[in-house]
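Working notes for the structure below.
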Amino acid sequence: MSTRIAFLKGHGTENDFVIVPDPENIIDLPPAAVAALCDRRAGIGGDGLLHVVRSAAHPEAEGMAAEAEWFMDYRNGDGSVAEMCGNGVRVFARYLQRAGHVTEGDLAVATRGGVKTVHIAKDGDVTVSMGRAVLPEGDVTVSVGERSWPARNVNMGNPHAVAFVDDLSHAGDLLSPPPFSPAAAYPDGVNVEFVVDRGPGHVALRVHERGSGETRSCGTGACAVAVAAARRDGADPTATGAPATYTVDVPGGTLVITERPDGEIEMTGPAVIVAEGEIDADWLESATSA
């Protein structure tokens, strides 16, 4: 490993990421290294890390290499591995564009949640085809303090519990994962969204992301919320043949989510690269072994 490692910093609706380009997958990034890089006081700081690898060079993605040249090896801020990150995909695409690997238009990105189709628009927004939502059966409840709410179980390649509340302050500080039941509903933990209505087709959320705590935005969470809101409002595009679109306000901005009649969900929003630099490999090794 060289003594310095290139990195960039980016965000999508203020869901921020450390980006580590590593096309040939030669940089060792154990959980402790990722957590050190994402530390907001002692590291670079981020809700997660985007490890940019060619699909053919990564054992988890080589089977997708024929469909997508690039693999988003996404890690949560605590170093744990995650299936998908919707805001992360947009920032990942923006990095590929900045680096000259892709241009405006369509591209495919491999993730642990499958291959995602991305469109980079001339106006700067990025649209991601997020796949179809799965709505597991069974009642779920989430709690904060003495309050509890029924939640809609929505899987967007990663698990979500969506609770509609009267006031976003009822979500509490979201420093620790909100308790949920039954435990069997989410054996590997869950992202929890607390949602209020802002108007017809318009909602706002706060989210506790599994492994990261409260974040300023969650792309898969916004999609899960839009699907849950549509079903609550009696809309199912796969049944009616009419798309359902929701504007979803997150603490860091606004996302537009459309569920199409074929079940595919599209998310549109901004993606920004704010800085680039070098990581000192000696520091990273020391931080990892501490």
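Distance check: His101 NE2 to Leu96 CG gives 6.5 Å after rounding to the nearest 0.5 Å. How far CZ of Phe180 is from OG1 of Thr141: 11.5 Å, rounded to the nearest 0.5 Å. With rounding to the nearest 0.5 Å, the separation of CG in Asn15 from CG in Asn87 is 4.5 Å. In this structure, Asn25 CG and Asp73 CG are separated by 7.0 Å, a value rounded to the nearest 0.5 Å. Rounding to the nearest 0.5 Å gives a distance of 10.0 Å between CE of Met64 and NZ of Lys116. Once rounded to the nearest 0.5 Å, the distance linking CD of Gln97 with CD1 of Ile273 reads 9.5 Å.
A side-chain N or O of Asn158 and one of Thr220 form a donor-acceptor pair less than 3.5 Å apart. Side-chain N/O atoms of Asp78 and Ser80 include a donor and acceptor closer than 3.5 Å. In the model, Asn191 has no side-chain atom that pairs as donor or acceptor with a side-chain atom of Tyr186 under 3.5 Å. Under 3.5 Å, the side chains of His11 and Asp16 contain no donor-acceptor pair of N or O atoms. Between Thr258 and Glu266, the side chains place no donor N or O within less than 3.5 Å of an acceptor N or O (distance only, hydrogens not considered). For the 3.5 Å distance criterion, the side chains of Asp125 and Thr268 fail to qualify, holding no donor opposite an acceptor. Defined by atom type and a distance below 3.5 Å, a donor-acceptor pair is present between the side-chain atoms of Thr13 and Ser217. With 3.5 Å as the limit, one finds a donor-acceptor pair spanning the side chains of Asp22 and His51.
Inter-residue side-chain proximity for Arg4 and Asp280 is flagged as met; some heavy-atom pair is nearer than 4.5 Å. Between Leu37 and Leu49 there is a side-chain heavy-atom pair separated by less than 4.5 Å. Counting only heavy atoms from C-beta outward, the side chains of Asp249 and His202 approach each other to under 4.5 Å. Taking the side chain as every heavy atom from C-beta outward, Met84 and Met156 never approach each other to under 4.5 Å. The side-chain heavy atoms of Thr117 and Val128, taken from C-beta on, include no pair separated by under 4.5 Å. Looking at Leu50 and Val18, their side chains never come closer than 4.5 Å, going by heavy atoms from C-beta outward. Looking at Arg75 and Val81, their side chains come closer than 4.5 Å, going by heavy atoms from C-beta outward. The side-chain heavy atoms of Val52 and Phe92, taken from C-beta on, include a pair separated by under 4.5 Å.
The minimum heavy-atom distance linking Glu60 with Phe71 is given by the pair CB-CZ, 4.4 Å. Considering every non-hydrogen atom in both Thr103 and Ile120, the closest pair reads O-CD1, 4.0 Å. The nearest pair of heavy atoms linking Glu193 to Cys218 is OE2-SG, 4.4 Å. Minimum heavy-atom separation, Gly189 to Pro159: O-CG, 3.4 Å. Contact detail for Leu174 and His208: the closest heavy-atom pair is O-CD2, 3.0 Å. For Ala161 against Ala151, the heavy-atom pair with the smallest separation is CB-CB, 4.1 Å.
A donor-acceptor pair is defined here as one N or O able to donate and one able to accept, closer than 3.5 Å; such a pair exists between the side chain of Lys9 and the backbone of Gly45. No donor-acceptor pair under 3.5 Å is formed between the side chain of Arg260 and the backbone N or O of Ala244. Not one N or O on the side chain of Ser286 forms a donor-acceptor pair closer than 3.5 Å with the backbone of Asp282. A side-chain donor-acceptor contact under 3.5 Å links Ser212 to the backbone of Asp47. Remark: side-chain polar atoms of Arg216 are paired, donor with acceptor, to backbone N or O of Pro251 under 3.5 angstrom. The closest donor-acceptor contact from the side chain of Arg206 to the backbone of Glu214 lies at 3.5 Å or more, if one exists at all. Side-chain N or O atoms of Ser181 include none that pairs as donor or acceptor with a backbone N or O of Ala183 at under 3.5 Å.
Salt bridge absent: Arg112 and Glu83 never bring a charged side-chain N and a carboxylate O closer than 4.0 Å. Salt bridge status for Arg41 with Asp39: absent, with no side-chain N to carboxylate O gap under 4.0 Å. Between Arg231 and Glu259 there is a salt bridge, with a side-chain nitrogen of the basic residue lying less than 4.0 Å from a carboxylate oxygen of the acidic one.
The environment of Asp139 atom CG is sparse: at most 12 non-hydrogen atoms of other residues, nucleotides or ligands sit within 6.0 angstrom. The environment of CG in Asp173 is crowded: more than 12 heavy-atom neighbours from other residues, nucleotides or ligands sit within 6.0 Å.
In this structure, Val203 is not a member of the same hydrophobic cluster as Val142, with clusters built from ILVMFWY side-chain heavy atoms closer than 4.5 Å. Taking hydrophobic clusters as Ile, Leu, Val, Met, Phe, Trp and Tyr residues chained together by side-chain heavy-atom distances below 4.5 Å, Val225 does not share a cluster with Leu168.
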- [ ] Go through the steps to decide whether Leu135 and Asn153 satisfy the test side-chain contact (heavy atoms from CB on, under 4.5 Å), and finish with yes or no.
- [x] CA-CA 6 Å; Leu135 302 174; Asn153 189 348; over 6 Å; no
Task: Derivation and outcome, side-chain contact (heavy atoms from CB on, under 4.5 Å), residues Val195 and Val165 - done: CA-CA 6 Å; Val195 187; Val165 299; 6.0 Å; no
- [ ] Show your working on side-chain contact (heavy atoms from CB on, under 4.5 Å) between Ile5 and Val20 and close with a plain yes or no.
- [x] CA-CA 8 Å; Ile5 303 164; Val20 179; 4.2 Å; yes
Task: Working for side-chain contact (heavy atoms from CB on, under 4.5 Å), residues Thr245 and Ile257 - done: CA-CA 6 Å; Thr245 297; Ile257 312 297; over 6 Å; no
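For Phe194 and Trp149, the gap between ring centers is short of 6.0 Å.
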